[in-house]
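In what follows, a single structure is set out as structure tokens and then discussed.
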Amino acid sequence: MAGSALDTISADAARARLVDQLIANGRITSPAVERAFRRVPRHLFAPDDLSIDAAYADDVIITKRGADGRATSSISAPWLQAMMLHAARLRPGAHVLEVGSGGYNAALIAEVVGPYGTVTSIDIDSDVTAHARAALDAAGYPHVEVVTADAETGWPAAAPYDAVIVTVEAGDLPPAWLDQLAPDGLLVVPLRMRGNTRCLALTRESDHLIAVDSIVCGFVPMQGTAADPVSRRALRGDEVTLRIDDPDTRALNLDALTTALNGPQIEAWSGVTIPPATSFDSLHLWLAGQPLPYGQLAVDRDRAADLQPQNWVACPALLTDDSISYLSIRRLDDGTWQFGARGYGPQAVALTRHLLDLIADWDRHHRTTPGPHIAIYPSGTFPPATSQPRLVVARRHATTAINWTISGSRA
Ligand SMILES: C[S@@+](CC[C@H](N)C(=O)[O-])C[C@H]1O[C@@H](n2cnc3c(N)ncnc32)[C@H](O)[C@@H]1O
């Protein structure tokens with residue numbers, strides 16, 4: 001974005017407002033990260049035609065779309081960047097690899113690691129790296145290295161890294177990221193687990209990794225050798241789409257779900273309520289952790305309003321090859337929210353009952369706990385002798401195991 005003197009004054013004011021807001025919301029929690037956000041001019045990394053206000057909104061900025069209209073590159077939302085910087089536990093002098101470029105986040109990292117640290121930012125798309133290089137130079141960060149390459153093989157030239165910060169959604173962990181990580185380094189990665197993406201901060205524990213931080217997030221999907229996007233099935237034209245992550249479920253013949261959705265709906269309500277503005281993030285991951293085929297519904301709010309899913313973008317759904325039941329929610333007179341389930345198809349009753357039981361189990365045992373224990377086992381190290389995880393996501397390079405603690409034991 002070009003800058004006149006007036007633009008600079010309003011950018012400074014807009015940036016100060018954004019940082020104050022990030023501190024007030026608890027997203028920025030350290031002086032080092034605050035200083036970085038106060039210094040780096042986000043508008044210089046944004047598209048030229050974006051207003052100063054939009055450049056400093058606490059929101060994602062899409063910078064490139066693919067032929068299908070979906071975003072392939074973006075500047076991530078400041079709240080998420082702040083949380084990821086904290087999760088990476090960066091210190092002055094650290095050596096950092098950023099996977100997925102754009103320039104702005106690399107500049108923030110450069111501010112935190114200071115003059116004795118190094119930042120290498122790698123992106124598969126030469127348009128992105130050309131823009132990042134130019135913007136970093138214009139903003140005063142010529143020392144940040146920008147590389148055009150597929151990050152599947154990392155960037156060995158500047159390894160080992162104290163932190164590898166991945167800013168693109170991954171379905172698997174390429175071995176190079178771990179090989180190039182220092183022994184006590186941190187890998188921060190938005191990992192997709194049965195369609196649920198959590199930005200995990202991973203540290204080594206003997207032969208595997210454990211998550212010491214987990215943030216609900218969304219990122220553009222990985223391209224290149226490691227590309228493994230969720231599959232999307234249109235169930236009612238483009239009004240209702242089912243996103244499926246599991247290789248096994250992708251292979252199911254789900255054509256009958258369209259017929260089911262055009263038939264009668266049953267709805268049932270659980271006894272579980274939550275107060276307004278209360279997070280229930282762990283419920284989605286809990287519902288993913290059961291053996292039935294599982295997907296997430298994306299529903300057009302205007303054209304398929306009759307479905308009333310709990311989440312219009314990614315609503316947990318239990319599946320059979322002819323029936324579907326998904327999470328719903330409604331507001332009660334006292335202002336609280338009540339969870340329920342809606343079902344379609346010949347097995348709707350059983351599926352819906354099962355979904356209500358899962359909601360009740362989550363309420364009884366897990367809604368107030370800090371969330372599940374997530375461990376990642378590089379190829380050849382799974383299964384561990386000691387645990388039987390509730391959810392296992394096996395990929396080519398790594399297997400993710402998710403356990404839930406109940407009163408000192410794991411479910
Ligand atoms: C969300 S953007 C990065 C945001 C950026 N870090 C920022 O400053 O906010 C994700 C980027 O990952 C890149 N990407 C996707 N697959 C990749 C791969 N295999 N290797 C390297 N970069 C990849 C995309 O081209 C895209 O520019």
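Each ligand, and each atom within it, is numbered from 1 in the order the structure gives.
Near A149, with a cut-off below 4.0 Å to any heavy atom, the atoms of ligand 1 are 20 (N), 21 (C). Near D125, meaning under 4.0 Å from one of its heavy atoms, ligand 1 places the atoms 25 (O). Residue D150 approaches ligand 1 through these ligand atoms, each under 4.0 Å from one of its heavy atoms: 18 (C), 19 (N), 20 (N). Numbered from 1 in the order shown, with element, the atoms of ligand 1 that lie under 4.0 Å from a heavy atom of A151 read 18 (C), 19 (N), 20 (N), 21 (C). Below 4.0 Å from some heavy atom of E98 lie the following atoms of ligand 1, by number and element: 6 (N). Proximity to I75 (heavy-atom distance under 4.0 Å) selects the following atoms of ligand 1: 9 (O).
Given atom 10 (C) of ligand 1, the protein heavy atom at minimum distance is T167 O, 3.3 Å. In terms of protein heavy-atom proximity, atom 12 (O) of ligand 1 is closest to G100 CA, 3.4 Å. Ranking protein heavy atoms by distance to atom 22 (N) of ligand 1, first place goes to I124 N, 3.1 Å. Looking from atom 25 (O) of ligand 1 to the surrounding protein, the closest heavy atom is D123 OD1, 2.7 Å. The protein non-hydrogen atom at the shortest distance from atom 16 (N) of ligand 1 is Q223 N, 2.9 Å. When hydrogens are left out, the protein atom nearest atom 2 (S) of ligand 1 is S74 O, 3.3 Å; that is the closest non-hydrogen contact.
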Exercise. Could you walk me through whether F339 and I274 pass the side chain to side chain contact (heavy atoms under 4.5 Å, CB included) test, one step at a time?
Key: CA-CA 8 Å; F339 290 113; I274 49 160; 4.0 Å; yes

Could you go through residues 210-229 and list every donor-acceptor pair under 3.5 Å that involves a side-chain atom there, pairing it with any protein atom two or more places apart or in another chain?
from	atom 1	to	atom 2	distance (Å)
T225	OG1	D150	OD2	2.7
D228	OD1	R250	NH1	3.4

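A salt bridge (charged side-chain N to carboxylate O under 4.0 Å, His left out) with D20 holds for exactly one of R38, R15, R27; it is R38. Among T400, D246, T249, the single residue meeting the side-chain hydrogen bond (donor to acceptor under 3.5 Å, both in side chains) criterion with R194 is D246.
Residue E152 places every heavy atom at 4.0 Å or more from ligand 1. Residue A106 places no heavy atom under 4.0 Å from ligand 1. Put simply, part of Q81 is less than 4.0 Å from ligand 1, judged by heavy atoms. At least one heavy atom of S101 sits less than 4.0 Å from an atom of ligand 1. For T72, the heavy-atom gap to ligand 1 drops under 4.0 angstrom.
For atom 7 (C) of ligand 1, the nearest non-hydrogen atom from the set T63, V147, N105, L80 comes from N105.
Pairing each heavy atom of A298 with each of V313, the nearest pair is CB-O, 3.4 Å.
Remark: ligand 1 and F219 share no N or O pair separated by less than 3.5 Å (distance only, no angle test).
The aromatic rings of Y56 and H43 are tilted relative to each other, their planes meeting at an angle between 30° and 60°.
Relative to the six-membered ring of W269, R330 meets both conditions, a distance below 6.0 Å and an angle of at most 45° to the axis.
In summary, R395 and D245 engage in a salt bridge, as defined by a charged side-chain N under 4.0 Å from a carboxylate O.
Shown here are the side-chain contact (heavy atoms from CB on, under 4.5 Å) partners of A360, two or more places apart in sequence or in another chain: R364.
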